Amino acid sequence: EAITVQELASRMAERGADVIKALMKMGVMATINQTIDADTAELIIGEFGHTVRRVSAADVEVGLEGDSDADETLLSRPPVVTIMGHVDHGKTSLLDALRQTDVAAHEAGGITQHIGAYQVTLPTGKKITFIDTPGHAAFTEMRARGANVTDIVVLVVAADDGIMPQTIEAIHHAKAAKVPIIVAINKMDKPGADSQRVRRELLNHELVTEDLGGDILAVEVSAKAKTNLDKLEETLLLQAEILDLKANPERQAAGAVVEAKVERGRGTVATLLVQKGTLKVGDIFVAGAEWGRVRALLDDRGRNIESAGPATPVEVLGLQGTPLAGDVFVVVDSEARAREITEFRLHRQREKLAAAAGRSTLEQMFSKIQAGEAKEVPVVIKADVQGSVEAISGSLRQLGNEEVKVRILHAAVGGINESDITLARASGGMIIGFNVRANPQAREMARRDHVDIRYYSIIYNVVDDIKAAMSGMLAPTL
Ligand code: GDP
């Protein structure tokens, strides 16, 4: 059950380079001639908005339904933005304040609904979509499930507080996903606000703002006094322009599940972010291992709409079951096809669960290294003091050769928390705890998700183990 990148690309009628890029976004490094497994291939197929055609129970055949998204079909689309930052630095307040800048809100009325994402229309008519689930845990959870919905991360830093531990976590989550960061220096209305200090502190995390000679855009704002929100929005649009975000609106829709829940009297209610194509009432679609027929579409003001184009978040009624946040969705041609795909996925999920039982991220990483599919050993480093964080990072950076290198996803002082587990899982990496332990929730998550945590108190042993890991000689702890 494997396919070369080249073959996958040509069967989807996509460019090989684009497929490689999409794989990279998922953290898979592959060349055009390398083979990838069927699961990865299927994620990629979903990513490109194509559907998977099953030939036999054991075989996944790529089918092309709808357009092939030739260059001339692509139109500019709004950016999709996620807000991250330390607790209490103003993520929620900023989301609320930005939402109130929507010009459409004043014209059309409608009651603000919380559907997990919303879109703002600026006076110029340009739009920005915000994912309304602030926090890097949600962001990386979605990424772990295969959805890459975020184009730009807004990193909120309170000007009176500066860079805090979760700010650093957020930076590393965004970097691991290779998503560009724009910094919103918030709470500028406060007496103790010092934005220069924030800019200097960012330097320690390789974020160099423009005024200091780098290319990171930063904007001073106040969510409370509602100052400079237009400047932040302009900056987002500027970054979007650089990213040259495009999608073909004239095709069957594909995208990601932002959230899904069961509501009394309404059945499963899911917020979908359309990433390409246009989703219409009556469409049949597959989302993860569930399927449905769009019975109603509602926008972020709770109004019924007939269709939703690229970068539009919509609430959808009509799902048969409840998919998970981060599941990829695609529109298919018929109910029979939808059932076939979901049955196949359920079957495969069971197989995968059975196969993955006891298989840790470390073991999975080894088989990838040995198959020549992985070139990195991703690690999260947590230690009791900054000196140890630096010493371990420094030593590990020096390891490696042409074939395999260590990739440090996150290195910080403190105990091992849930965010560390999510990050390691999304990148298929392991966690190093130096004179620190994991909290009970993190330990439970690691056990459930088979993320390898190793504890050390001697740096020499860390280096030795990682050397062994790079050659596939380290036994998993789970
Ligand atoms: P979150 O935890 O990052 O979502 O932060 P919140 O949005 O809940 O904000 C935390 C606290 O900071 C709340 O009491 C807010 O009222 C306050 N706050 C948020 N933005 C600003 C701001 O621009 N200026 C001031 N003075 N307070 C703010």
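In each ligand, atom 1 is the first atom listed, and ligand 1 is the first ligand listed. Heavy atoms only: backbone and side chains are in, while hydrogens, waters and symmetry mates are out. This chain uses plain numbering: 1 for the first residue, then up along the sequence. Just so it is clear, the model here is predicted, and its values are computed rather than measured.
The distance criterion of under 3.5 Å between nitrogen or oxygen atoms is not met by Val87 with respect to ligand 1.
Residues Glu47 and Lys21 are not paired through a salt bridge, judged by the lack of any N-O separation under 4.0 Å between the basic side chain and the carboxylate. A salt bridge links Arg197 to Glu201: one of the charged nitrogens lies within less than 4.0 Å of a carboxylate oxygen.
Enclosure of atom NZ in Lys25 is not indicated, since only 12 or fewer non-hydrogen atoms of other residues, nucleotides or ligands lie within 6.0 angstrom.
Interatomic distance, CZ of Phe434 versus CG of Asn461, reported as 9.0 Å (0.5 Å rounding).
Here is the list of ligand 1 atoms found below 4.0 Å of a heavy atom in Lys91: 1 (P), 2 (O), 3 (O), 4 (O), 5 (O), 7 (O).
In this structure, Met188 has no heavy atom closer than 4.0 Å to ligand 1.
Under 4.0 Å from ligand 1, the heavy atoms of Asp189 that appear belong solely to its side chain. Contacts between Asp88 and ligand 1, counted as non-hydrogen atom pairs separated by less than 4.0 Å, involve both the backbone and the side chain. Proximity of His89 to ligand 1, defined as any heavy-atom pair under 4.0 Å, is confined to the backbone N, CA, C and O atoms.
Between the side chain of Asp300 and the backbone N or O of Gln119 there is at least one donor-acceptor pair closer than 3.5 Å.
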TODO: Assess whether salt bridge (Lys or Arg N to Asp or Glu O under 4.0 Å) is satisfied between Arg447 and Glu444, documenting all intermediate values.
DONE: CA-CA 5 Å; Arg447 192 169 358 200; Glu444 181 49 39; 3.5 Å; yes
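For atom 11 (C) of ligand 1, the nearest non-hydrogen atom from the set His86, Lys187, Gln166 comes from Lys187.
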